[in-house]
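A short worksheet on the structure shown next.
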Amino acid sequence: TQSTRPQRLLGAVQKNATRGDPRSVVQAIDQFCRQKEWAMNVGDEKGCILDSVVSEVNPATVLELGTYCGYSTVRIASLLPPHAKLITLEFNPDFAAIARQVIAWAGLEDKVHLIEGASGDWIPKMTEQFGVKTFDLVFLDHWKDRYLPDTMLMEECGLLRKGSILLADNVICPGTPDYLEYVRSSPRYESQYFKSHLEYTKVEDGLEKSVFLG
Ligand SMILES: Nc1ncc2ncn(CCCCCNC(=O)c3cc(-c4ccc(F)cc4)cc(O)c3O)c2n1
Ligand SMILES: [Mg+2]
């Protein structure tokens with residue numbers, strides 16, 4: 001039977017990356033996506049911006065919406081301080097199965113909690129299920145029309161505190177116009193756009209970093 005693109009991506013990690021070395025896992029995926037098959041990872045260019053925001057925030061609690069194959073999960077988790085926790089949500093069980101193996105290959109399974117499910121269902125359960133009070137950093141990379149409703153949901157569930165950072169991928173391509181309008185016009189957020197390119201292409205895209213002001 002035919003393999004899927006995520007399965008071929010995992011194969012490239014297992015062939016070209018060193019177990020326990022997150023940077024080599026990231027490099028193997030970027031090489032696969034540049035030389036073999038495009039895939040919707042945040043990629044190396046936007047990934048550097050992600051790294052700098054994670055390093056600046058130095059978060060103890062991180063929520064990632066949309067794991068896919070675990071590329072950004074590995075980038076984030078490799079920069080976390082000891083005892084910090086990253087909860088990542090993936091809707092698609094096939095993607096989740098691949099991501100678990102990519103995260104394990106990087107040796108980061110102790111820092112990552114991968115949940116299979118939809119953000120709308122799980123955001124209200126974060127506190128009771130995982131004892132998380134608030135998130136220091138949220139990386140939004142899931143359905144583009146869920147960025148705004150899920151941000152409002154996180155506000156309602158009290159998961160954001162004064163200073164919590166939202167970092168959103170794809171605000172230009174595919175685009176999240178309603179989310180951008182909200183975080184840029186709301187007095188409760190201070191937003192900043194980091195211009196970049198759609199992963200592995202010359203098409204414009206960017207990350208929007210928004211600080212929740214409480
Ligand atoms: N609610 C909920 N909860 C949890 C979940 N887990 C997964 N999902 C569903 C997410 C499905 C994948 C989301 N990501 C993208 O669609 C995406 C697309 C492109 C792209 C594609 C084609 C182009 F021509 C140009 C750009 C590039 C990107 O960087 C993207 O991130 C969930 N949903
Ligand atoms: Mg994305």
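First listed ligand is number 1; within each ligand, the first listed atom is number 1.
Atoms of the protein (N, O or S only) found under 2.8 Å from the Mg ion (ligand 2) are D141 OD1, D169 OD2, N170 OD1.
Close contacts between ligand 1 and E199 involve ligand atoms 27 (C), 28 (C), 29 (O) [criterion: under 4.0 Å to a heavy atom]. Contact atoms of ligand 1 toward E90: 6 (N), 7 (C) (distance under 4.0 Å to a heavy atom of the residue). Applying the 4.0 Å criterion to heavy atoms of D141 picks out, from ligand 1, the atoms 13 (C), 14 (N), 31 (O).
The pair E45-K202 does not count as a salt bridge, with every side-chain nitrogen at least 4.0 angstrom from each carboxylate oxygen. R100 has no carboxylate O lying under 4.0 Å from a charged side-chain N of E109, or vice versa, which leaves the two without a salt bridge.
For K125, the NZ atom is densely surrounded, since the number of other residues' heavy atoms within 6.0 Å is greater than 12. The neighbour count for Q101 CD, taken as heavy atoms of other residues, nucleotides or ligands under 6.0 Å away, is above 12.
Y71 pairs in a side chain to side chain donor-acceptor pair (under 3.5 Å) with only one of the listed residues (D30, D141, D44), which is D30.
The distance criterion of under 3.5 Å between nitrogen or oxygen atoms is met by K144 with respect to ligand 1. At a 3.5 angstrom cut-off on N or O pairs, T67 does not count as close to ligand 1.
Applying the ring pair (Phe, Tyr, Trp, His ring centres under 6.0 Å) rule to Y68 yields the partners F95; only residues at least two apart in sequence or on another chain are considered. A search for side-chain contact (heavy atoms from CB on, under 4.5 Å) contacts involving S185 returns E181, not counting sequence neighbours.
Scanning the protein for heavy atoms near atom 21 (C) of ligand 1, the closest one is W38 CH2, 3.8 Å. Closest to atom 12 (C) of ligand 1, if we only count protein heavy atoms, is M40 CE, 3.6 Å. Protein heavy atom closest to atom 18 (C) of ligand 1, with residue, atom name and distance, is P174 CG, 3.8 Å. Considering only non-hydrogen protein atoms, atom 10 (C) of ligand 1 sits nearest to W143 N, 3.5 Å.
Nearest residue to atom 8 (N) of ligand 1 from F91, W122, Y147 is F91 (criterion: closest heavy atom). Nearest to atom 26 (C) of ligand 1 by heavy atom, out of V203, T201, L198, is L198. The closest non-hydrogen atom to atom 3 (N) of ligand 1, taken over S119, S72, P149, comes from S119.
Per-atom contact check: atom 29 (O) of ligand 1 touches the protein, criterion being a heavy-atom distance below 4.0 Å.
Residues Y200 and N41 form a side-chain contact, since some pair of their non-hydrogen atoms from C-beta on lies under 4.5 Å apart. Side-chain atoms of F212 and E190, non-hydrogen and from C-beta on, never get closer than 4.5 Å to each other.
A distance-only check finds no donor-acceptor pair linking the side chain of T88 to the backbone of L114 [under 3.5 Å]. Proximity of a side-chain donor or acceptor of E116 to a complementary backbone N or O of E90 within less than 3.5 Å is not detected.
Residue G117 places a heavy atom under 4.0 Å from ligand 1. Using a non-hydrogen distance threshold of 4.0 Å, L89 registers as a contact of ligand 1. Contact analysis leaves G120 out of contact with ligand 1, as no non-hydrogen atom separation drops below 4.0 angstrom.
Rounding to the nearest 0.5 angstrom, the gap separating the CD1 atom in I172 from the OG atom in S196 is 11.0 Å.
Here D169 has side-chain heavy atoms under 4.0 Å from ligand 1, and that is the only part of it that gets that close. At a 4.0 Å heavy-atom cut-off, ligand 1 touches N170 through the side chain alone.
Closest heavy-atom contact between K162 and L213: CG-O, 3.6 Å.
Between Y147 and Y179, the ring planes lie perpendicular to each other; the angle is over 60°, past the 30° to 60° tilted range.
Residue pairs satisfying the salt bridge (Lys or Arg N to Asp or Glu O under 4.0 Å) criterion with at least one member in residues 9-25, sequence neighbours excluded, are listed as follows: R23-D51.
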